[in-house]
Each structure stands twice: as C-alpha cells, then as structure tokens.
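Taking it in order: structure first as structure tokens, then the write-up.
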Amino acid sequence: MRLVGLLFLLSLAVFVYFRNAAAQPIARPPGVLCPLAPFQGAQNLPAAFEHEGYRLQPVARFALEARVLGKRLYSTDPGAKLAPVDLALGWGRMSDSRVLEKISISQGNRFYFWYTPDPPIPLQEIALSSANMHMIPATPELEQRLKRLKSGNIVRLQGYLVNVSGPDGFFWNSSLTREDTGNGACELVWVEELAVR
C-alpha cells in the first residue's frame, strides 16, 4: 500500500513538473525579432462563407510575423465556439526582450492589458506595435496548434480579417487598423496558415 502511495505521489509530481514546464514562456535573446508591422490588403477578397453556423465576410487579407506576448483560451463566452483563442502579439520593439521585461502584460474578457511604471519606449509605440487578436482557426488542427502556443513563440500567420454574423442577431466586426485601442480595437482573424518557432 505504501508503494502505491509513493507511485501516486511520484506520478503527480511528474505531471505537475511537465505541466508547469509547458506553461513557461520561451526565453528570447535581446533585439527586435519581428521588425515588420502586419500586412493588410483589400484586393481580391473571397466571397462570404459559412463556418460553425456563422457567416464570415472577409474584409482584408492579413499576414503577420509577431511575438506571442500572451495567450488566453475562451470556452463559454458568445464567441468562444468561433474564436477559442486570443493572442496578444507584438512586433517592432514590442518583440524585443529588453523592452518586454519592463512591461507587465495580461489578458481577460477579450482584452489585452499592459502596464509599465517606467516606459522603455514611448507609450504610443507600445500601443501601435502590439494588439490583442481573436483567432478563428480554419481547421481543428490549426485550433490545436493555436492552443499550444505560449509566450515567447514567434508566429507567422496568414488569412483574413473578417466580420461575423450569426444566430440571434450575433455580430462581431474586426478592427481594420493597428492605431485604435479599447473596445472594438481587436482584430478578428480567420487563420488559414500558421508557422511557429
């Protein structure tokens, strides 16, 4: 009986160790890792299409390479079936570890928050070089890959910014600029391609 108890405790310790290791941010060397702002274009957009019982209207082509500053999973809010993952992403100097070590970042209720008592770069640059984005995975495999991301990952993704309508008058529109903040400022991204490092 004592051996069974010891094996249980050992198994629990191994589980906790690997769960915590999986949640640890990825350390990156100093320097700008993702120098370019996201790409957005309105040419040759596909027609609206149905997904998971919602109607998605592409409003811009969208591509970016950015550092994951945070990830939040959603399962119970009205948009969770469609966009189960939010990513806080940074590019330019918001992908530099020297800058990020002086900024506190959190997410909740579909928002991304940052705080710094001693700004390492201008506050406007922080706002313009980072964003919270609601991810709509095109496939179940992409959904699982998005859910496995953690802070410090570098992601390259392609797809579309979309406006969404659904049952009972549901609607959710994407921001079309990186220069807005607050309610309605998040991008709603239909993700077709994802590369991670």
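- Arg178 places no side-chain N or O within 3.5 Å of a backbone atom of Ala37 that could act as its donor or acceptor partner.
- Within the 4.5 Å cutoff, the side chain of Val164 has no heavy atoms near those of the His51 side chain.
- Looking only at side-chain heavy atoms (C-beta outward), Leu64 and Met133 come within less than 4.5 Å of each other.
- The two residues Gly90 and Cys34 make their nearest non-hydrogen contact at O-CB, 4.5 Å.
- Side chains of Arg72 and Asn132 form no contact here, defined as non-hydrogen atoms less than 4.5 Å apart.
- Hydrophobic clustering (side-chain heavy atoms under 4.5 Å, transitive across Ile, Leu, Val, Met, Phe, Trp, Tyr) groups Leu176 together with Leu89.
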Show your working on side chain to side chain contact (heavy atoms under 4.5 Å, CB included) between Leu188 and Ile136 and close with a plain yes or no.
CA-CA 7 Å; Leu188 192 53; Ile136 306 174; 3.8 Å; yes
Assess the residue pair Arg61 and Gln158 against the criterion (side chain to side chain contact (heavy atoms under 4.5 Å, CB included)); give the C-alpha distance rounded to whole Å, side-chain angles, the decisive distance to 0.1 Å, and a yes or no.
CA-CA 8 Å; Arg61 293 184 177 276; Gln158 293 187 38; over 6 Å; no
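- In the hydrophobic clustering of this structure, Ile126 groups with Val99; members are Ile, Leu, Val, Met, Phe, Trp, Tyr whose side-chain heavy atoms approach within less than 4.5 Å, directly or through other members.
- Between Phe113 and Gly108, the shortest heavy-atom distance links the atoms CE1-O, 3.8 Å.
- Rounded to the nearest 0.5 Å, atoms CD1 (Ile121) and CD1 (Ile103) are 5.5 Å apart.
- Classification of the Trp172-His134 ring pair by plane angle, with boundaries at 30° and 60°, yields tilted.
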Please assess Leu157 against Met135 for the test side chain to side chain contact (heavy atoms under 4.5 Å, CB included), listing each intermediate value before the final yes or no.
CA-CA 10 Å; Leu157 62 84; Met135 299 292 158; 4.0 Å; yes
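- Taking OG of Ser174 as the start and CD of Glu187 as the end, the distance is 5.5 Å to the nearest 0.5 Å.
- Linking ILVMFWY residues whenever their side-chain heavy atoms come closer than 4.5 Å, directly or via other members, leaves Leu146 and Tyr160 in distinct clusters.
- Partner Val68 forms a side-chain contact (heavy atoms from CB on, under 4.5 Å) with one of Ile26, Val196, Asn153 and no other, that one being Asn153.
- Taking 4.0 Å as the cut-off between side-chain N and carboxylate O, Arg156 and Glu193 do not count as a salt-bridged pair.
- Looking at every heavy atom in both residues, Ser175 comes nearest to Gly184 through CB-O, 3.7 Å.
- A continuous path of Ile, Leu, Val, Met, Phe, Trp and Tyr side chains, each step under 4.5 Å between heavy atoms, connects Phe170 with Val162, placing both in one hydrophobic cluster.
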Residues Leu56, Leu82; criterion side chain to side chain contact (heavy atoms under 4.5 Å, CB included); working and verdict:
CA-CA 10 Å; Leu56 279 64; Leu82 188 67; 4.2 Å; yes
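- A donor-acceptor distance shorter than 3.5 angstrom exists from the side chain of Gln107 to the backbone of Lys71, with no hydrogens or angles considered.
- Put simply, the side chain of Tyr112 reaches to within 4.5 Å of the side chain of Leu69, judged on heavy atoms.
- For the atom pair Leu128 CG and Met94 CE, the distance stands at 11.0 Å (nearest 0.5 Å).
- For Lys102, the NZ atom sits in a loose shell: 12 or fewer heavy atoms of surrounding residues, nucleotides or ligands are nearer than 6.0 Å.
- For the residue pair Ser95/Arg28, the side-chain donor-acceptor check at 3.5 Å is not satisfied.
- Hydrophobic cluster membership is shared by Leu45 and Trp190, with clusters built from Ile, Leu, Val, Met, Phe, Trp and Tyr side chains linked at under 4.5 angstrom.
- Two residues are said to be in side-chain contact when any heavy atoms from C-beta on lie closer than 4.5 Å; Ser104 and Thr116 fail this criterion.
- Taking all atoms of both residues into account, the shortest heavy-atom contact from Trp114 to Ala127 is CZ2-N, 4.4 Å.
- By the 4.5 Å heavy-atom criterion applied to side chains, Cys186 and Arg110 are not counted as neighbours.
- Closest approach of Leu142 to Glu192, counting heavy atoms only: CD1-O, 3.7 Å.
- Atom CG of Leu194 and atom CD of Glu141 lie 8.5 Å apart (nearest 0.5 Å).
- For Glu179, the CD atom is loosely surrounded, since the number of other residues' heavy atoms within 6.0 Å does not exceed 12.
- Put simply, the side chain of Pro84 does not reach to within 4.5 Å of the side chain of Leu73, judged on heavy atoms.
- Residues Arg67 and Ser97 meet the side-chain proximity criterion, which asks for heavy atoms closer than 4.5 Å.
- Rounding to the nearest 0.5 Å places CD1 of Ile154 at 13.0 Å from CH2 of Trp91.
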